[in-house]
Amino acid sequence: GAGVSQSPSNKVTEKGKDVELRCDPISGHTALYWYRQSLGQGLEFLIYFQGNSAPDKSGLPSDRFSAERTGGSVSTLTIQRTQQEDSAVYLCASSLPNSYEQYFGPGTRLTVT
Amino acid sequence: AQKVTQAQTEISVVEKEDVTLDCVYETRDTTYYLFWYKQPPSGELVFLIRRNSFDEQNEISGRYSWNFQKSTSSFNFTITASQVVDSAVYFCALSEPNFGNEKLTFGTGTRLTIIP
């Protein structure tokens, strides 16, 4: 079956521009997570969505980062006024309700020049 | 605060050798879960195992085995008779579930290279 998909796979942007990263979770997976994988920082949690509950935004590094999840399915991570330190691979994962097993997408590699 | 430490940044072994990847964690909670994920060159993280804090039994799955020792806060991963396909970055992770929120705290990963 279809796994978690993310688009674009690669994104190069100029410093100061806004970017949007998209995640399509596995159908039926109500939990959705965003993580960031960068050199020197490893993998870090950004935000968590579960159904209609308020998201856990505790991992967002600054107010330039925001995320939405429309209709309990597709999620968009937006980074405003990108900085070079935002360069990283952004990973999305989804899981069934109350399931520990997160299924990860292939990631979006963001490069800020 | 939670923390996961993987002190081994890179390991190289010759094919068919056994190799152990170390993981040490810190948490204040009594209920927590430990994970290992594999990230092959393709980039997608693949779930390998999850253990809860109340189950210290070692687990074996084929060539993979895991040793959970609460007394030393360690959750080590051993691959026996390594194969080239085992080459990947391996991440140890910790979660403290909160009403279904299983956000993971990852270690920095160990890059394992199996030399044919």
Side-chain angles (χ1 to χ4, degrees), chain A residues 2-6 8-10 23-26 29-60 67 69 72 88-110, chain B residues 1-10 21 23-27 29 31-55 59 61 66 75 88-111:
Chain A
V4 178
S5 61
Q6 293 186 245
S9 54
N10 278 284
C23 171
D24 275 280
I26 294 172
H29 283 198
T30 58
L32 188 146
Y33 303 79
W34 282 98
Y35 295 89
R36 178 170 72 173
Q37 184 173 20
S38 53
L39 287 175
Q41 296 294 326
L43 268 157
E44 44 181 350
F45 165 81
L46 296 177
I47 189 169
Y48 160 77
F49 294 93
Q50 173 62 277
N52 295 320
S53 303
D56 175 359
K57 304 179 183 180
S58 60
L60 294 179
R69 189 174 185 195
V89 176
Y90 289 82
L91 294 166
C92 176
S94 70
S95 70
L96 288 166
N98 298 312
S99 170
Y100 57 80
E101 187 169 350
Q102 297 179 31
Y103 293 80
F104 283 80
T108 294
R109 181 175 297 277
L110 174 67
Chain B
Q2 303 175 73
K3 185 178 179 182
V4 177
T5 301
Q6 294 180 255
Q8 304 151 309
T9 306
E10 295 191 29
L21 309 182
C23 173
V24 174
Y25 62 92
E26 296 175 28
T27 178
D29 284 287
T31 301
Y32 53 90
Y33 299 87
L34 294 162
F35 300 76
W36 276 95
Y37 279 84
K38 174 182 180 180
Q39 187 176 44
S42 61
E44 292 192 36
L45 281 162
V46 177
F47 167 84
L48 294 179
I49 190 171
R50 175 234 203 196
R51 299 309 299 268
N52 75 54
S53 51
F54 297 108
D55 182 3
E59 182 154 342
S61 176
W66 291 269
F75 186 45
V89 181
Y90 290 85
F91 291 94
C92 181
L94 169 71
S95 79
E96 295 170 349
N98 179 18
F99 299 104
N101 182 349
E102 301 236 9
K103 62 184 178 183
L104 297 166
T105 299
F106 285 91
T108 50
T110 297
R111 180 177 299 278

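From a predicted model like this one, the values you see are computed outputs, not experimental measurements. Only this structure's heavy atoms are used, side chains among them; waters, hydrogens and symmetry mates stay out. Below, chains carry the letters A, B, ... as their sequence lines are ordered, and counting in each starts from 1.
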K.L.:
Within this structure, what is the CZ-CD distance for the pair B:Phe106 and A:Gln37, rounded to the nearest 0.5 Å?
P.N.:
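If we round to the nearest 0.5 Å, B:Phe106:CZ and A:Gln37:CD are 8.5 Å apart.
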K.L.:
Kindly indicate whether the side chain of B:Asn52, heavy atoms from C-beta on, has any atom under 4.5 Å from the side chain of A:Tyr100.
P.N.:
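Counting from C-beta outward, B:Asn52 and A:Tyr100 never come under 4.5 Å.
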K.L.:
Hey, what do you get for OH (A:Tyr103) to CZ (B:Phe47), rounding to the nearest 0.5 Å?
P.N.:
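That separation rounds to 8.5 Å.
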K.L.:
Applying side chain to side chain contact (heavy atoms under 4.5 Å, CB included) to B:Tyr37 and A:Leu43, what does each step give before you reach the verdict?
P.N.:
CA-CA 12 Å; B:Tyr37 279 84; A:Leu43 268 157; over 6 Å; no
K.L.:
Can you tell which of B:Lys103, B:Gln39, B:Glu44 has the highest number of heavy-atom pairs within less than 4.5 Å of chain A?
P.N.:
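The answer is B:Lys103.
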K.L.:
Answer with side chain, backbone, both or neither: which region of A:Ser58 has an atom nearer than 4.5 Å to a non-hydrogen atom of chain B?
P.N.:
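Side chain only.
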K.L.:
Do you know the tightest heavy-atom contact between A:Tyr35 and B:Leu104?
P.N.:
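Looks like OH-N, 3.1 Å.
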K.L.:
A:Glu101 versus B:Arg50: any side-chain heavy-atom pair under 4.5 Å?
P.N.:
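When only atoms from C-beta onward are counted, B:Arg50 and A:Glu101 do not touch, as no gap falls below 4.5 Å.
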K.L.:
So which of A:Gly107, A:Ala93, A:Gly105 has the largest heavy-atom pair count under 4.5 angstrom toward chain B?
P.N.:
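Most pairs with chain B among the choices: A:Gly105.
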K.L.:
Given heavy-atom pairs under 4.5 angstrom as the criterion, report whether the side chain, backbone, both or neither of A:Ile47 touches chain B.
P.N.:
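Answer is neither: A:Ile47 stays 4.5 Å or more from chain B.
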K.L.:
Counting only heavy atoms closer than 4.5 Å, note whether B:Tyr33 contacts chain A via side chain, backbone, both or neither.
P.N.:
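Neither; nothing under 4.5 Å.
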